[in-house]
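Quick notes on the structure that follows.
Small disclaimer: the values here were computed from a predicted structure and weren't measured. Chain A is the first sequence line, chain B the second, and so forth, proteins listed ahead of strands; every chain is numbered from 1.
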There are 2 protein chains.
Amino acid sequence: MKKKRTSITDIANTLQVTPSTVSRALNGGGKVSEKKRLEIISLAKKLGYRPNPIAKSLLENRTNTIGLIIPEFTHHFYSRMLSGIESVTSKAGYQLLICTSNEDQNQEIKSIHTLLDARVDGIIATISKMNDKFEHLQEVMDNDTPLVLVDRFSEEIETPYVISDDFKGAFSAVDHLCQIGCRKIMHIKGPDNLSTTFNRFMGYKEALRKHEIELDERLILEGSNPDLVEKIKSCLENNWVDGAFAYSDYLAFEIYKAASQLTIPIPGQLSVIGYADEPISTYINPTLSTVNQQPFEMGVTGAKYLLNKINDPEIALEIKNLETKLVIRESCRRLEG
Amino acid sequence: MKKKRTSITDIANTLQVTPSTVSRALNGGGKVSEKKRLEIISLAKKLGYRPNPIAKSLLENRTNTIGLIIPEFTHHFYSRMLSGIESVTSKAGYQLLICTSNEDQNQEIKSIHTLLDARVDGIIATISKMNDKFEHLQEVMDNDTPLVLVDRFSEEIETPYVISDDFKGAFSAVDHLCQIGCRKIMHIKGPDNLSTTFNRFMGYKEALRKHEIELDERLILEGSNPDLVEKIKSCLENNWVDGAFAYSDYLAFEIYKAASQLTIPIPGQLSVIGYADEPISTYINPTLSTVNQQPFEMGVTGAKYLLNKINDPEIALEIKNLETKLVIRESCRRLEG
DNA sequence: CTGTTAGCGCTTTCAT
DNA sequence: ATGAAAGCGCTAACAG
């Protein structure tokens with residue numbers, strides 16, 4: 001059985017005073033005679049007294065806890081975001097209650113209820129890929145629990161967001177490819193239904209438009225395609241491609257595989273840019289150019305905003321579109337001739 | 001301001017019964033007339049009643065919360081471990097309160113107190129690299145809060161552990177190098193003070209002994225050395241080396257760099273094995289042989305043990321030494337001639 | 001079957 | 001300056 005911790009009443013009893021007095025002495029606030037104050041404080045220290053935040057929570061209707069829902073832990077992106085969030089919340093004296101959704105909306109709904117039940121003071125969440133229900137998020141808002149959504153955006157739910165400017169990020173990548181002379185630029189799309197997939201595709205198209213390159217439907221591939229590598233190879237073999245922009249660094253790596261199988265040199269014949277600046281991009285050969293989304297900053301920004309909203313619920317609703325950074329590495333080179 | 005949630009008393013009042021009755025109706029236990037029971041349940045549903053776990057915690061002196069301390073989020077190893085832990089705890093209806101130590105013992109101490117204050121039902125922790133104080137862990141045990149230490153071991157603290165069998169893991173790696181004909185095997189050590197560093201080094205030595213290879217001090221390098229790559233190069237240049245075992249996959253990658261600078265082919269002239277099976281090992285070229293520590297399993301095992309201990313504090317103290325798996329990839333090849 | 005009472009640890013009036 | 005009392009939401013022991 002868990003040992004009973006010393007409570008304010010224990011101190012009160014041994015000192016022949018009331019709990020109220022002890023509470024006042026410990027919290028500095030009220031008036032207590034200097035003598036008693038010192039007595040109480042020293043006994044508290046001796047007994048290793050630590051206030052029970054649960055009792056306080058019950059009283060104050062706040063828990064000093066932030067709930068967090070992320071799809072999973074293992075992508076570097078989320079780890080970094082988590083670090084960013086943690087760095088802010090821990091400094092502010094908040095604890096983190098973390099749930100994962102595994103990209104499953106039902107689990108997301110369950111997690112929301114868990115967090116709501118736990119009476120967290122606020123929630124930071126990344127909605128799962130497949131999403132068609134929004135009542136649970138509405139529930140959070142109806143409950144006046146501050147909510148900040150990060151990374152993924154949905155038209156359906158009106159709440160503060162911290163997202164990455166995928167449109168500009170993709171645009172800058174493809175714009176770069178064009179500037180170094182690519183004219184036949186492949187794009188590998190991300191999962192359906194994701195705002196990020198859509199926006200990166202839009203950025204791609206806009207960059208082509210700017211450079212007056214006509215969109216070639218044959219060069220738009222679905223990342224979820226089971227024989228993606230074969231599809232890529234067929235594009236490469238037919239010499240349809242001199243540049244590629246992928247939805248993620250992992251999908252860019254698939255391009256590497258295809259190119260390697262056909263012994264097409266990167267960046268000699270093909271320049272490639274990925275997305276997210278995952279660690280993989282610095283390990284593969286040649287090192288991969290990519291778009292950094294600043295996930296740590298995203299976490300920091302989201303957490304700070306949430307804390308502000310907790311302290312001032314009337315704070316203006318904001319949608320922060322974080323700048324991305326184009327990181328050029330070995331996988332891009334100006335086309336000769 | 002946060003909206004007041006409907007409480008058991010609210011239901012009691014509107015239905016002209018007492019809170020006890022409502023409690024009984026909702027919890028199934030006691031005897032309540034069928035009629036009232038249905039009335040209460042339906043009203044509870046209508047009002048969206050959700051029990052307040054905080055009140056229950058106060059009463060029962062348990063929180064259904066597990067505290068977790070890890071060095072950081074971004075290493076794949078910890079992410080996987082975290083996933084393993086989460087998969088168990090969430091299924092068992094426990095929440096996770098997560099703190100990071102950033103490998104700083106003072107932060108670790110602070111985190112322990114945070115978790116203890118939060119009255120978590122148990123703690124899973126990976127102690128930080130530099131550690132010379134142990135009172136905080138003792139405090140946890142004195143407080144009768146079940147504690148399981150994972151990944152890193154310390155003689156100083158007697159509690160259940162779930163660790164990876166680093167000795168055997170290292171042994172199997174170096175044994176393999178010997179079997180494919182390596183006789184001059186370099187080792188790059190991990191951080192001082194870490195049980196894992198020590199044990200992997202021991203495994204290395206034992207494998208050499210088994211194959212009657214004399215230890216060559218010149219081939220033992222410190223991973224923390226700022227000009228590690230230069231040191232490695234000097235070993236390679238002098239032709240002292242035909243195999244290498246590194247404390248981590250990242251350190252193994254340093255060997256790749258050195259070899260690449262000297263255009264020494266891997267695995268043609270040099271076989272390399274890393275440790276941990278981090279994602280990097282499948283991305284680099286050639287793909288890196290390594291020792292998989294099964295971090296997910298480690299998390300699962302630690303969490304299960306902790307839950308058992310929470311339910312039965314008298315459970316026998318155990319030190320689980322998880323098996324590792326040698327993963328052979330392209331970076332190893334039998335030496336010709 | 002249902003109400004009363006008490007209490008988990010703490011804070012906050014309101015008296016004294 | 002201090003004590004008494006009430007209450008946060010819930011459960012459990014005890015009376016009816």
In this structure, how many angstroms lie between the C1' atom of D/dG7 and the CD atom of A/E60, rounded? 14 Å
Between A/E103 and A/R152, does any NZ, NE, NH1 or NH2 come within less than 4.0 Å of an OD or OE carboxylate oxygen? yes
For D/dT2, take OP1 and OP2 only and decide whether either is under 4.0 Å from a side-chain N or O of A/K36. yes
Taking the side chain of B/S7 as its heavy atoms from C-beta onward, which of D/dT2, C/dG9, D/dC10 lies nearest to it? D/dC10
State whether B/T21 places a side-chain N or O below 4.0 Å from either non-bridging phosphate oxygen (OP1 or OP2) of C/dG3. yes
Between C1' on D/dC8 and CD1 on B/I54, what's the gap in Å once rounded to a whole number? 10 Å
Closest of C/dT4, C/dC10, D/dT2 to the A/L59 side chain is C/dC10
Could you state the interatomic distance from CG (A/D151) to CG (A/L194), rounded to the nearest 0.5 Å? 8.0 Å
Relative to the 5' end of DNA chain C, which residue comes earlier, B/P19 or A/P53, by the nucleotide with the nearest heavy atom? B/P19
Ion pair B/K133/B/E135, N-O distance below 4.0 Å: no
Of the listed D/dC10, C/dC14, D/dG9, the closest approach to the A/L58 side chain comes from D/dG9
Among the candidates D/dC10, C/dT2, C/dC10, find the nucleotide nearest to the side-chain atoms of B/S33. C/dT2
Strictly below 4.0 Å, N to O, side chains only: are B/R37 and B/E34 in salt-bridge contact? yes
When rounded to whole Å, the CG to P distance for the pair B/N61 and D/dA12 reads 14 Å
Under 4.0 Å, heavy atoms only, any strand: does A/E34 hit a base, just the sugar-phosphate, or nothing? nothing
Select one nucleotide: of D/dC14, D/dA1, D/dG9, the one nearest the side-chain heavy atoms of B/R24. D/dC14
In whole Å, what is the span from the CZ atom of B/R50 to the P atom of D/dG9? 16 Å
Atom pair distance, as rounded to whole Å: CG in B/N52 and P in D/dG7: 18 Å
Side-chain N or O of A/T18 closer than 4.0 Å to phosphate OP1/OP2 of D/dT2: no
Hey, is B/D10 close enough to B/K4 for a salt bridge, meaning N to O under 4.0 Å? yes
With a 3.5 Å cut-off and heavy atoms only, can you find an N or O donor on one side and an acceptor on the other between the side chain of A/R5 and the base of C/dG9? no
Is there a side-chain contact between A/N27 and the phosphate of C/dT11, meaning an N or O under 4.0 Å from OP1 or OP2? yes
Can you tell me if the side-chain N/O atoms of B/T9 get under 4.0 Å from OP1 or OP2 in D/dC10? no
With distance as the sole criterion, do the side chain of B/S20 and the base of C/dT4 form a donor-acceptor contact below 3.5 Å? yes
